[in-house]
Amino acid sequence: MFGLPSTALQWLSAGLVLLIAGVLIKFRGWTFLLAGYDETSPVPDEVVADVAGNTILRIGLAAIVLGVLIVVTDVPSYLPTVFGGIIVLAVVRMIYRLRTYSPANTT
């Protein structure tokens, strides 16, 4: 019988949850899933759904890829730490993009 390492199951399940959340935020507009965001924000819901949804989708896909890599090969022990750092950078980038949002001139 084919057995998966527990760390691979953790990465795969976390990636799947993030992937589903990213799809719901980006394509369904479920911005209420984002902690601290409400409709009184100066940033339109469509922009928040696009930026946050893309970021969450990317992180979810990357977590699934990491889980598959753990199943297929022996990954170095530092790889999950590097992955965590990349997640922090992606979230900081997302926050920066949302905090510095300015509407485009449509005149």
A.B. asks: Decide whether Trp30 and Leu18 are clustered together by the hydrophobic rule: side chain heavy atoms of Ile, Leu, Val, Met, Phe, Trp, Tyr closer than 4.5 Å, transitively.
C.D. replies: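 Yes, Trp30 and Leu18 fall within the same hydrophobic cluster.
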A.B. asks: Following the transitive rule for hydrophobic clusters with a side-chain heavy-atom cut-off under 4.5 Å over Ile, Leu, Val, Met, Phe, Trp and Tyr, establish whether Ile87 and Tyr96 coincide in one cluster.
C.D. replies: no
A.B. asks: Determine the sole option in Pro80, Ser6, Pro5 for which the side-chain contact (heavy atoms from CB on, under 4.5 Å) test with Trp11 is passed.
C.D. replies: Pro80
A.B. asks: Locate the shortest heavy-atom distance separating Gly15 from Ala63; write the atom from each residue and the value.
C.D. replies: CA-CB, 3.6 Å
A.B. asks: Walk me through it: do Phe83 and Val65 pass the test side chain to side chain contact (heavy atoms under 4.5 Å, CB included)?
C.D. replies: CA-CA 11 Å; Phe83 185 77; Val65 168; over 6 Å; no
A.B. asks: Would you say Val48 ends up clustered with Leu24 if hydrophobic residues are merged whenever their side chains have heavy atoms under 4.5 Å apart, either directly or through other cluster members?
C.D. replies: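 Per the 4.5 Å side-chain linkage, Leu24 and Val48 are co-clustered.
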A.B. asks: Got a second to check how far Arg58's CZ is from Arg93's CZ, nearest 0.5 Å?
C.D. replies: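 The CZ atom of Arg58 sits 5.5 Å away from the CZ atom of Arg93.
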A.B. asks: Quick check on the hydrophobic clustering: are Val68 and Ile70 connected, directly or via other members, by side-chain heavy-atom contacts under 4.5 Å?
C.D. replies: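 No, separate clusters.
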A.B. asks: If you compare all heavy atoms of Ala49 against all heavy atoms of Gly29, which two are closest, and at what distance to 0.1 Å?
C.D. replies: CB-CA, 4.4 Å
A.B. asks: Starting at CD1 of Ile86, measure out to CG of Leu66 and round the result to the nearest 0.5 Å.
C.D. replies: 9.5 Å
A.B. asks: If the condition is side chain to side chain donor-acceptor pair (under 3.5 Å), which residues does Asp50 pass it with, not counting sequence neighbours?
C.D. replies: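 Partners of Asp50 under the side chain to side chain donor-acceptor pair (under 3.5 Å) test: Lys26, Asn54.
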A.B. asks: Between Gly67 and Ala8, what is the shortest heavy-atom contact and its length?
C.D. replies: O-CB, 3.7 Å
A.B. asks: Nearest 0.5 Å, what's the OG1-CG distance between Thr31 and Asp38?
C.D. replies: 9.0 Å
A.B. asks: Apply side chain to side chain donor-acceptor pair (under 3.5 Å) to Asp74 and list each qualifying residue two or more places apart in sequence or on a separate chain.
C.D. replies: none
A.B. asks: If you measure from OG1 on Thr7 to CG on Leu12, what distance do you get to the nearest 0.5 Å?
C.D. replies: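 It is 9.5 Å, given to the nearest 0.5 Å.
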A.B. asks: Taking atom CG of Leu34 and atom CD1 of Ile25, what is their separation to the nearest 0.5 Å?
C.D. replies: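 Result: 4.0 Å between the selected atoms.
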A.B. asks: Count I, L, V, M, F, W, Y as connected when their side-chain heavy atoms are under 4.5 Å apart, and connections chain through other members. Are Ile64 and Ile56 then in the same cluster?
C.D. replies: no
